[in-house]
Each structure stands twice: as C-alpha cells, then as structure tokens.
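No hydrogens, no waters, no symmetry mates; every other heavy atom, side chains included, goes into these values. Model, not experiment: these values are computed from the prediction.
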Amino acid sequence: MSAAPKTRPKVPEGTARFVTTRQKEIKEGAFFVGYETTWEAFQKEVPYSTPKKP
C-alpha cells in the first residue's frame, strides 16, 4: 500500500443557485470525509383550500 497522507486537504464551500455543500470535520480512523449538503426551497408551498362549488 502507498503511504497515504493522514490529513485531507480542506475543500472550500461550494455554492450554487439552490444548494450549498460543506466538508464535514475529519474523524480519526474514518475512511473518507463526508460532505453536508443544504438545499434552499425553490418552490412555494400554498395551503390547500377547497374550490368553490358551482
């Protein structure tokens, strides 16, 4: 096996129109570093109201 570095490089925060991605903290003994994804709402939620009867 190759001598892999013990630390991962710090990845900058990724931003797009509706999503933000951040690198999670490095845990000792973990095989990989996870990423946290946060979605912004891009649709409005309107409360349902029954239609008028004819």
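Residues K24 and Y35 come closest through the heavy atom pair CE-O, 4.0 Å.
Taking 4.5 Å as the limit, every side-chain heavy atom of V46 sits out of range of all side-chain heavy atoms of Y48.
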Side chains of residues 11-22: which donor-acceptor pairs under 3.5 Å do they make with residues two or more places apart or in other chains?
residue : atom : partner : partner atom : Å
E13     : OE1  : R22     : NE           : 3.0

